[in-house]
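Since the structure is predicted, the reported quantities are computational estimates derived from the model, not experimental observations.
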Amino acid sequence: MGKFVCAGAMLQCSFGMAPSSFMVIDPMRPMVQNKPMANIMDNKPMVNIMPFGMCQSMANPTVASATAAAMGVLTPMPCIPVIAAPWAPGGQERISNMPALLDNCKCICNWGGNISVTMPGNICLAEGK
């Protein structure tokens with residue numbers, strides 16, 4: 001059983017060097033503690049998922065280029081998340097006709113980073129709000 005994720009949640013990427021704040025921009029969403037609730041389709045880079053400081057993934061072309069230019073010394077570059085798939089697995093409850101985003105869901109960046117919820121932004125449990 002996880003907690004619902006809302007606007008203001010904190011995220012972390014396994015290749016990022018800083019946490020990021022999660023955004024929910026749909027004002028018509030159900031609210032928990034005066035914050036709009038998220039669903040698994042709230043996965044848009046630079047809209048829902050903000051950068052994680054600097055990226056350390058060699059799968060990221062900018063990191064690979066900078067590292068090659070530095071004679072193989074890992075050279076982190078600014079993070080620009082690239083997300084192709086929704087959050088998974090999602091909750092049983094529906095938020096705007098999609099599975100709810102829970103704090104145990106994960107999202108994968110195209111550069112290999114595993115994005116997770118470190119703080120859901122509220123204290124409501126998914127089963128038995």
Asks: Could you tell me which non-hydrogen atom of Pro51 sits nearest to which non-hydrogen atom of Cys79, and how far apart they are?
Replies: CB-O, 3.3 Å

Asks: Look only at the side chain of Asn114 and the backbone of Lys106, and say whether a donor-acceptor pair between them is shorter than 3.5 Å.
Replies: no

Asks: How does the hydrophobic cluster around Trp111 look, that is, which other residues are in it when side-chain heavy atoms under 4.5 Å mark a link?
Replies: Val82

Asks: Please name the pair of heavy atoms, one in Ser14 and one in Gly112, separated by the smallest distance, quoted to 0.1 Å.
Replies: OG-O, 4.3 Å

Asks: Report the distance from atom CG of Leu102 to atom CD1 of Ile95, rounding to the nearest 0.5 Å.
Replies: 9.0 Å

Asks: Which ILVMFWY residues can you reach from Met28 by hopping between side chains whose heavy atoms are under 4.5 Å apart?
Replies: none

Asks: In chain order, what residues pass the side chain to side chain contact (heavy atoms under 4.5 Å, CB included) check against Pro89, with sequence neighbours excluded?
Replies: Cys105

Asks: Are Met54 and Ile80 linked, directly or through other ILVMFWY residues, by side chains that come within less than 4.5 angstrom of each other?
Replies: no

Asks: Do you know which two heavy atoms are closest between Ala85 and Cys107, and how far apart they sit?
Replies: O-SG, 3.8 Å

Asks: Are Asn97 and Asn39 side-chain neighbours, meaning at least one heavy-atom pair lies under 4.5 Å?
Replies: no

Asks: Quick one: OG on Ser21 to CG on Asn48, what's the gap to the nearest 0.5 Å?
Replies: 11.0 Å

Asks: If we only count heavy atoms from C-beta on, is the Pro99 to Arg94 side-chain gap below 4.5 Å?
Replies: yes

Asks: How does the hydrophobic cluster around Ile40 look, that is, which other residues are in it when side-chain heavy atoms under 4.5 Å mark a link?
Replies: Val5, Leu11, Phe22, Val24, Met41, Ile49, Phe52, Ile83, Trp87, Met98, Leu101, Ile115, Val117

Asks: Donor-acceptor pair, Lys35 side chain versus Gly121 backbone, under 3.5 Å?
Replies: yes

Asks: What is the minimum heavy-atom distance between Met77 and Ala66, and which atoms define it?
Replies: SD-CB, 3.6 Å

Asks: By side chain to side chain donor-acceptor pair (under 3.5 Å), which residues pair with Ser96, not counting sequence neighbours?
Replies: Arg29

Asks: With a 3.5 Å distance limit and no angle check, can you tell me whether Asp103 reaches the backbone of Pro120 through a side-chain donor-acceptor pair?
Replies: no

Asks: If you group Ile, Leu, Val, Met, Phe, Trp and Tyr whenever their side-chain heavy atoms sit less than 4.5 Å apart, what else falls in with Met10?
Replies: Met119

Asks: Going by heavy atoms in the side chains, are Pro76 and Met17 under 4.5 Å from each other?
Replies: yes

Asks: Sort and list the pairs that fulfil side chain to side chain donor-acceptor pair (under 3.5 Å) and have at least one residue in residues 55-81, not counting sequence neighbours.
Replies: Asn60-Thr62

Asks: Locate the shortest heavy-atom distance separating Asp42 from Met37; write the atom from each residue and the value.
Replies: OD2-O, 4.4 Å

